[in-house]
Amino acid sequence: MPTGLGLQFHYNYAIQGMGAGLRYEIPLSSTMAVVPQAKYQPAGFNSIHEVYAGLAVHYSPLQSNSAKFYLLGAVDLNQWFNYFPSLNSRASRFNVLPKPGAGLEIGFGSMALFSEVKYNILWKESYTDFGLKFRGYVSRKKRKNPQLQCPKIL
Amino acid sequence: MSHEKSVKIPSSNARKSSKTDLCIFMNKSAVFLLLLLFSVLLACSDARLRPADRLYDPELGVTFTRNISELFDDWASKSTIKTINSYADMPLVGPYGSRLYVSPRDLISERGGSVSYPFEIEFLEVLTPREMILHRAPTMAGDRLLFSGGEFFLNISKNGEELKLAEVSNLRLEAVSLVSGDQFNYFQGQRGLDGMIDWQEGPEMRRIGFPCEGQIQSSQDCWETDAATLQQMKERQDSLENFRNEYLILPTELGWINIDHYGSFEGDKVQISVQVKSGIPEAFFVFLYIPSTNSLMDVPFGKKFPLPVGLEVEIVAFGLTVEDRIFTGNKRMKVENEGQIEIEVSNTTKEDWLAYLDTIKPS
């Protein structure tokens with residue numbers, strides 16, 4: 001099962017914020033994966049300047065050779081840099097955010113395009129994450145070619 | 001041949017069937033995602049973009065509001081407003097002595113049309129810490145501190161319609177500054193969601209200058225001016241009581257203008273934060289003023305920031321209740337140790353607080 005390093009972009013519909021980040025997908029079984037990820041929403045063109053880091057669990061009930069549909073549950077730590085007390089009384093400078101959602105991934109060769117919809121239950125904010133994932137094997141065991149037998153020198 | 005056909009046909013069908021399955025799968029997934037997106041968009045809330053209007057303090061038993069803009073605007077100095085009927089009405093002179101020159105050729109309407117006399121100018125000089133606080137205009141560019149020479153607001157309208165600067169504009173502001181010694185750049189400001197003005201460096205650094213030997217000097221070079229203009233500027237400087245320096249600004253946009261530069265301090269720094277002693281510290285507005293650089297920071301609740309050891313600062317906290325009672329606190333101190341600086345607050349009057357603000361001055 002290949003791991004995947006992804007470059008992602010996100011759009012937060014509620015606050016009209018956008019940013020970018022990285023994710024790393026570690027498969028646990030043919031249908032399950034954990035995905036640590038971090039994303040940054042810069043100041044300037046965004047009203048809210050913040051960073052997220054967290055972990056998602058993906059479950060893929062439907063998959064073909066080149067595509068998969070997955071449900072996800074994520075917990076993100078958030079730091080809101082330009083925090084101010086807002087009408088959202090649950091938001092503070094540091095936050096823990098639960099986010100369920102679903103996603104679609106379409107692979108081609110060693111790469112895959114992905115798109116996810118997530119919902120922040122605590123703040124009632126929804127996001128689309130999308131990006132490109134590079135798939136590969138990190139396990140030494142997997143990469144080793146069993147056909148290749150090196151000659152013994154002595 | 002017949003054997004080949006019997007092999008190929010099922011193989012082609014299998015590929016088609018596989019592709020069809022994939023299409024159906026992807027269509028179903030995409031439809032599901034779109035439905036999900038649609039439903040979560042319906043449940044979306046933009047509450048984080050809107051400042052809180054009521055915050056209850058269980059210790060003081062009062063409800064604070066963060067809506068201070070109307071009150072502060074009422075307490076702040078007012079803009080100079082003048083109708084300009086011809087160039088003979090120029091310059092428009094502010095209370096501190098800054099002078100503004102503008103003609104209809106420098107202006108265009110919102111839709112790009114030409115402008116004629118008369119038009120109306122609104123001009124404001126924000127030069128003291130008191131006015132910087134009351135106008136919610138800290139000298140910050142994002143998270144970067146600015147050392148400031150002064151802030152100005154400039155708006156021009158005709159028949160109630162706001163005008164813009166033409167692409168080639170000779171609008172000129174001879175801006176008085178109460179601080180001296182620094183080469184400043186030109187910054188433009190926008191009010192953010194938290195009500196504070198945030199500054200961004202303007203496109204034309206060289207458009208700032210001050211009079212020097214027979215020339216007008218910019219931050220990068222000098223250019224010639226006629227002797228009469230220079231003499232006029234010198235005479236006016238001598239006549240101004242508070243004058244420390246003067247800068248020539250050719251703005252590229254109307255609105256908030258700042259003559260600043262990015263600030264950095266030498267020496268060892270410590271991380272500090274400010275805590276207002278209240279049941280709801282986030283209800284308070286906290287400003288930190290640095291007299292040596294004429295810099296004003298707004299300090300959001302819980303935020304840590306670095307300052308050099310030995311720096312003299314003045315911390316000002318302000319809270320407003322929904323019944324228009326005000327709670328304030330302040331501390332004048334030298335930065336020594338890392339950690340939290342606590343500010344006591346108490347009920348006070350508008351007159352006492354404004355009188356206190358007048359005591360804060362650049363050094």
Enquirer: Top residue by heavy-atom pair count (under 4.5 Å) with chain A, among Arg54(B), Glu282(B), Arg48(B)?
Expert: Arg48(B)
Enquirer: Kindly say whether the aromatic ring centers of Tyr262(B) and Phe187(B) come within a distance under 6.0 Å.
Expert: yes
Enquirer: For Glu342(B), is there any backbone N or O sitting under 3.5 Å from a side-chain donor or acceptor partner on Lys331(B)?
Expert: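 The answer is yes, because a donor-acceptor pair under 3.5 Å joins these two groups.
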Enquirer: Identify the residue among Val313(B), Leu296(B), Ile341(B), Val335(B) that makes a side-chain contact (heavy atoms from CB on, under 4.5 Å) with Leu288(B).
Expert: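 Filter result, single survivor: Val313(B).
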Enquirer: Among Glu125(A), Arg90(A), Arg93(A), Lys118(A), single out the residue with the greatest number of heavy-atom pairs under 4.5 Å to chain B.
Expert: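 Counting heavy-atom pairs under 4.5 Å, the top option is Arg93(A).
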Enquirer: Taking only residues at least two apart or on different chains, which pairs with a member in residues 3-21 of chain A satisfy salt bridge (Lys or Arg N to Asp or Glu O under 4.0 Å)?
Expert: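 Found none.
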Enquirer: When heavy-atom pairs shorter than 4.5 Å are enumerated against chain B, which of Ser115(A), Ser47(A), Gly101(A), Ala91(A) gives the highest number?
Expert: Ser47(A)
Enquirer: Think Lys99(A) forms a cation-pi with Tyr52(A), using NZ or CZ under 6.0 Å from the six-ring centre and within 45 degrees of its axis?
Expert: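 Satisfied, under 6.0 Å and within 45°.
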Enquirer: So which residue, Asp198(B), Asp143(B), Asp194(B), ends up with the most heavy-atom pairs under 4.5 Å with chain A?
Expert: Asp194(B)
Enquirer: Quick one: which residue pairs count as a side chain to side chain donor-acceptor pair (under 3.5 Å) with a foot in residues 65-75 of chain B, not counting sequence neighbours?
Expert: Asp73(B)-Arg136(B)
Enquirer: Only pairs of heavy atoms separated by less than 4.5 Å count here; which of Ile48(A), Asn82(A), Asn120(A) has the most with chain B?
Expert: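 Among Ile48(A), Asn82(A), Asn120(A), the one with the most close pairs to chain B is Ile48(A).
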Enquirer: Quick one: which of Trp80(A), Tyr83(A), Phe94(A) has the most heavy-atom pairs under 4.5 Å with chain B, could you say?
Expert: Trp80(A)
Enquirer: Name the region of Ser89(A), side chain, backbone, both or neither, that has any atom closer than 4.5 Å to a heavy atom of chain B.
Expert: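 Contact with chain B: none, neither part.
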Enquirer: Any idea which of Ala43(A), Ala14(A), Pro85(A) has the most non-hydrogen atom pairs under 4.5 angstrom with chain B?
Expert: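 Of the candidates given, the most pairs with chain B belong to Pro85(A).
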Enquirer: Would you find more than 12 non-hydrogen atoms of other residues, nucleotides or ligands less than 6.0 Å from Gln271(B) atom CD?
Expert: yes
Enquirer: At a heavy-atom separation under 4.5 Å, does Glu50(A) approach chain B through its side chain, its backbone, both, or neither?
Expert: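 Glu50(A) touches chain B through side-chain heavy atoms alone.
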